[in-house]
Amino acid sequence: MDYQKLADLLFPDVTETREDIERRFPPRSLPAGANVTRIGPSPTGFVHLGNLYNAIIAERVAHQSGGVFYLRIEDTDNKREVEGAVETVINAMAYFDVHFDEGATSTGDNGAYGPYRQRQRKEIYHVFAKWLVQNGKAYPCFLTEEELTAIREEQLANKEIVTGFFGKYAEVSRNLTLEDISARIAAGQPWVLRFRAEMNDKRFTITDAIRGKLDMPCNIMDFVLLKSDGIPTYHFAHVVDDHLMRSTHVVRGEEWLSTLSMHVELFDVFGWDKPIYCHTSTLQKIDGGSKRKLSKRKDPELALAFYQQEGICKEAIWEFLLTVLNSNFEEWRAANPDASYMEFPFSLEKMSTSGALFDMEKLNNIAKDVIGRMDAETVLSHLKNWCSEYNREFLALIEQYPDRTLKALGVGKQGAKPRKDFVNWKQTCEFLSFYFDETFKAQDDMPAEISEEDRKAFFAKYLASYAHEDDAEAWFAKVRQISDELGYAVKPKDYKKNPENYKGSIVHVTNMLRTALTGMANAPDIWEISHVLGEELTRARLGKWA
RNA sequence: GGCCCGUUGGUCAAGAGGUCAAGACGACGCCCUUUCACGGCGUAAUCAUGGGUUCGAUUCCCGUACGGGUCACCA
């Protein structure tokens with residue numbers, strides 16, 4: 001077989017050589033130790049937590065080393081592509097503060113190693129495909145889908161241990177003559193380009209940055225390089241792109257482990273250095289007592305959009321994922337409460353190789369801490385951002401009462417043990433609702449612990465003596481005095497010891513006050529709330545019960 | 001089924017041939033307290049399993065079980 005003739009027959013339009021392409025994408029000039037990483041999402045319209053998980057790893061590996069992090073759109077499967085999906089990926093990553101140095105953008109490409117959309121790289125792949133053909137490493141295959149299915153069925157019937165295109169099943173396609181191929185092409189028969197595998201039973205070892213040394217069988221499959229539309233498969237595109245774009249690390253899910261041998265063989269055939277592979281484990285969740293992979297259909301929390309809708313703070317997502325990735329993150333956070341998570345020394349080696357379970361409760365706990373560390377102004381700006389997208393009505397309130405909102409967000413923040421009332425922005429809106437008459441839900445009744453007579457007496461005295469400028473101490477002294485006058489124990493402990501001596505305890509009194517003021521049995525400090533509401537509102541809410 | 005990856009409390013997990021097997025979330029209890037939070041203290045709870053190697057194995061080796069992945073002109 002004259003491979004040169006075959007190559008010209010298959011790729012008549014390809015005039016460039018692999019050297020030409022290499023010159024267009026020279027090695028990057030980066031300081032020693034700088035890593036180049038990427039994410040390569042498929043534009044299916046669904047961005048999930050796993051995408052973000054891998055993105056964060058890749059981002060840290062690159063930026064922590066002063067390297068480059070880029071976005072490459074892997075759109076080689078036009079059947080699965082969804083309109084606007086590239087936009088969705090870019091927006092989701094931006095929302096979660098994942099920033100690219102180069103790659104696909106909503107307006108085009110940014111960077112010297114593009115195009116960053118694989119379908120636009122067709123000509124590049126063809127140059128390398130032609131080289132493979134010229135060197136006897138690839139050949140056209142004209143088998144139809146039905147014929148392929150027949151082979152598969154035969155293999156299953158023969159109890160062949162592996163199914164696929166290899167060994168004797170590849171022989172016919174491998175050994176077509178140039179004349180035959182030429183005739184078929186002239187007749188317009190569709191073909192795919194297959195890799196001509198070594199097909200031996202050797203094994204190879206490779207060191208994965210997360211999993212350590214791996215020992216696996218070499219590839220034996222004549223897998224497809226170019227589909228009949230001339231677009232490459234993932235395997236071919238991955239090898240060509242990560243070489244040309246000079247990726248130093250490939251961070252991807254463990255589902256790629258089983259095809260790693262194909263990629264390794266391709267890199268070797270081209271004589272290229274392999275990137276450092278980092279195969280992450282799949283996020284799982286508990287379901288009916290057993291672990292399973294997070295699934296798109298069953299688990300709403302898998303979609304990144306879920307976190308946006310719930311208003312889960314992006315810093316919290318980062319901190320949660322960093323905690324899952326490197327378990328020493330929490331220790332580091334405790335030692336560096338004020339540092340940005342970007343300063344955390346992330347390490348691939350410290351990653352767990354077993355699949356982590358997604359734990360919403362842990363996320364919430366982290367979110368409370370993260371928001372708790374922010375000052376009121378920062379919280380307000382996050383809240384407004386979220387509301388402008390997901391809660392317009394509340395945004396209007398915030399904008400109508402900016403000072404009150406800011407004060408409300410600061411309640412309980414001072415002191416050595418600041419409150420942590422906010423978990424996510426959705427919940428924050430609900431939590432703040434009693435600060436505004438527009439959303440305040442007044443109670444219709446008071447608990448029966450205090451008689452109506454005492455209730456009226458209390459509120460009358462309270463309002464009569466109420467002085468808005470009182471400090472917290474003076475204020476509470478008055479509450480105590482009134483309680484005492486009405487026959488309620490001033491100290492809860494006194495009441496506990498001798499309940500028969502009192503009508504009730506100050507706890508009952510303050511609960512009543514709190515309920516009148518907030519509509520809720522549980523709320524932050526009454527005095528502070530009064531001062532957020534202002535004298536007028538406070539008096540109005542309490543007056544109802546006098 | 002073949003191949004590959006994995007298995008420490010309910011969850012995330014540290015760990016090393018000899019530890020009372022860290023820590024965090026959650027649960028529970030106590031303390032603080034005008035409610036709820038916050039905070040503090042404490043309790044319960046883990047090395048999948050069977051063999052080997054060894055004076056000693058949760059740690060090393062082999063098998064078993066279980067879970068996950070993959071076997072496409074999908075990524």
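Proteins get letters first, then strands, A, B, ... in listed order; numbering begins at 1 in each.
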Every protein N/O lying under 3.5 Å from an N/O of nucleotides 38-40 of chain B:
residue: B:C38; atom: OP1; partner: A:Lys368; partner atom: NZ; Å: 3.3
residue: B:C38; atom: O2'; partner: A:Pro418; partner atom: O; Å: 2.9
residue: B:G39; atom: OP1; partner: A:Lys420; partner atom: NZ; Å: 2.7

Considering residues at least two apart in sequence or located in another chain, which fulfil the side-chain hydrogen bond (donor to acceptor under 3.5 Å, both in side chains) criterion with A:Lys478?
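side-chain hydrogen bond (donor to acceptor under 3.5 Å, both in side chains) list for A:Lys478, sorted by chain: A:Asp470.
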
For the residue pair A:Trp332 and A:Phe344, categorise the inter-ring angle as parallel (less than 30°), tilted (30 to 60°) or perpendicular (more than 60°).
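Ring orientation of A:Trp332 relative to A:Phe344: perpendicular.
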
Assign [X] to base, sugar-phosphate, or nothing according to its heavy-atom contacts below 4.0 angstrom with the strands shown.
X: A:Leu225; answer: nothing
X: A:Pro524; answer: base
X: A:Thr76; answer: sugar-phosphate
X: A:Arg333; answer: nothing

Does A:Arg480 contact B:U34 through a side-chain donor or acceptor facing the base, at a distance under 3.5 Å?
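No such pair is found, so the answer is no.
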
Taking atom types as they are modelled, is there a donor-acceptor pair under 3.5 Å from the base of B:C12 to the side chain of A:Thr323?
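Such a pair does not exist between side chain and base.
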
Figure out the [atom1]/[atom2] separation between [X] and [N], and round it to whole Å.
X: A:Glu146; N: B:C73; atom1: CD; atom2: C1'; value: 13 Å
X: A:Leu325; N: B:A14; atom1: CG; atom2: P; value: 12 Å
X: A:Lys362; N: B:A27; atom1: NZ; atom2: P; value: 13 Å
X: A:Phe204; N: B:C3; atom1: CZ; atom2: P; value: 15 Å

Inter-nucleotide C1' distance (B:A27, B:A14), Å rounded
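The same atom, C1', in both gives a distance of 22 Å.
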
Which string of ( ) [ ] | and . matches RNA chain B, if you list each base 5' to 3' and count Watson-Crick or G-U pairs only when both distances are under 3.5 Å?
(((((((..(((.....[....))).(((((.......)))))....(((((..]....))))))))))))....

Stacking of A:Phe476 on B:U34 base (centres under 5.5 Å, planes under 30°)
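Yes, the aromatic ring of A:Phe476 stacks with the base.
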
Candidate nucleotides B:U34, B:C4, B:U11, ranked by approach to the side chain of A:Asp359 - the nearest
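Closest nucleotide to the A:Asp359 side chain: B:U11.
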
